[in-house]
Amino acid sequence: MNIPFLGNWRKRYDLARGTAVMATREADPQGVAQLLSECELLRARAASAGVGLDDSAASLEALDQLLPRWRDDPEELTWLGNDAGLYLGTVIIRTVPGALWQVWPNGRPVVRLASGREIDVVGAGQEWAADGAPELSHVYAEVAEI
C-alpha cells in the first residue's frame, strides 16, 4: 500500500542509514558543532583541487565548481555527500543568525533555523554529491534569505 504522507514520515523518523548518525542528546552544543564541522574527506578533496574551505558562502560556490571525480567510487560518494551536507550545515550555522544543529530522533543531524524550519543538510549534500543538484550554494542562498 502506498501512503504518501507515511513515506515522508519515514524519511524523517526512520533510522538514518549511510549518513551521519549521532546520539539524540548531546550536552555540549559547541562540541557537537565542532565535531560536525570536521568533514575530513571533503576538506581533503577540496584542498587537492586548490579550494580552501573557510566556512563561507563563497566556499560553497567553489565546491559547486569541482569536477565530481568521487562519483566513480560508490563508497567515497556516500562519505563525500555526507561531508558536503555537514559542511553546508556548518556554513549555515556560522553565518545565519539563530541557526543551530538539531538531532532528529533517528540520530540524523539537521539545521534548525530561528523560524523553526529544519533543513536536512545531509540529504542535500548526498544529492549534490550524486547528481550535482541542488547546488550547495543554492541551498545556502535559499536558507540565508529567510
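Counting begins at 1 with the first residue of the sequence.
- Between the R71 side chain and the A130 main chain, a donor and an acceptor come within less than 3.5 Å of each other.
- Here the closest heavy-atom approach between residue Q126 and residue T78 is recorded as NE2-O, 4.4 Å.
- Across all their heavy atoms, L88 and A124 have their closest contact at CD2-CB, 4.2 Å.
- The two atoms that bring L86 and L36 nearest to each other are CB-O, 3.4 Å, heavy atoms only.
- Evaluation of the salt bridge (Lys or Arg N to Asp or Glu O under 4.0 Å) test over residues 31-56, restricted to residues two or more places apart or in two chains, returns R43-D55, R45-E76, D55-R94.
- Contact detail for D83 and C39: the closest heavy-atom pair is OD2-C, 3.3 Å.
- When all heavy atoms of A57 and Y140 are compared, the closest pair comes out as CB-CE2, 3.4 Å.
- Residues that satisfy the ring pair (Phe, Tyr, Trp, His ring centres under 6.0 Å) test with W70, not counting sequence neighbours, are W128.
- By the 4.5 Å heavy-atom criterion applied to side chains, I92 and L113 are counted as neighbours.
- The closest side-chain heavy-atom distance from W101 to V121 is below 4.5 Å.
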| request: For the pair N82 and L41, evaluate side-chain contact (heavy atoms from CB on, under 4.5 Å) and give the outcome as yes or no after the intermediate values. | output: CA-CA 10 Å; N82 189 61; L41 179 61; over 6 Å; no
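- With values rounded to the nearest 0.5 angstrom, L63 atom CG is found 5.0 Å from L53 atom CG.
- Residue R69 places its CZ atom among 12 or fewer non-hydrogen atoms of other residues, nucleotides or ligands, all under 6.0 Å distant.
- Residues meeting the side chain to side chain donor-acceptor pair (under 3.5 Å) test with S137, sequence neighbours left out: D64.
- A pairwise comparison of heavy atoms in A49 and L66 identifies CB-CD2, 3.4 Å as the closest pair.
- Proximity of L100 to Q102: side-chain heavy atoms (C-beta onward) are separated by under 4.5 Å at one or more points.
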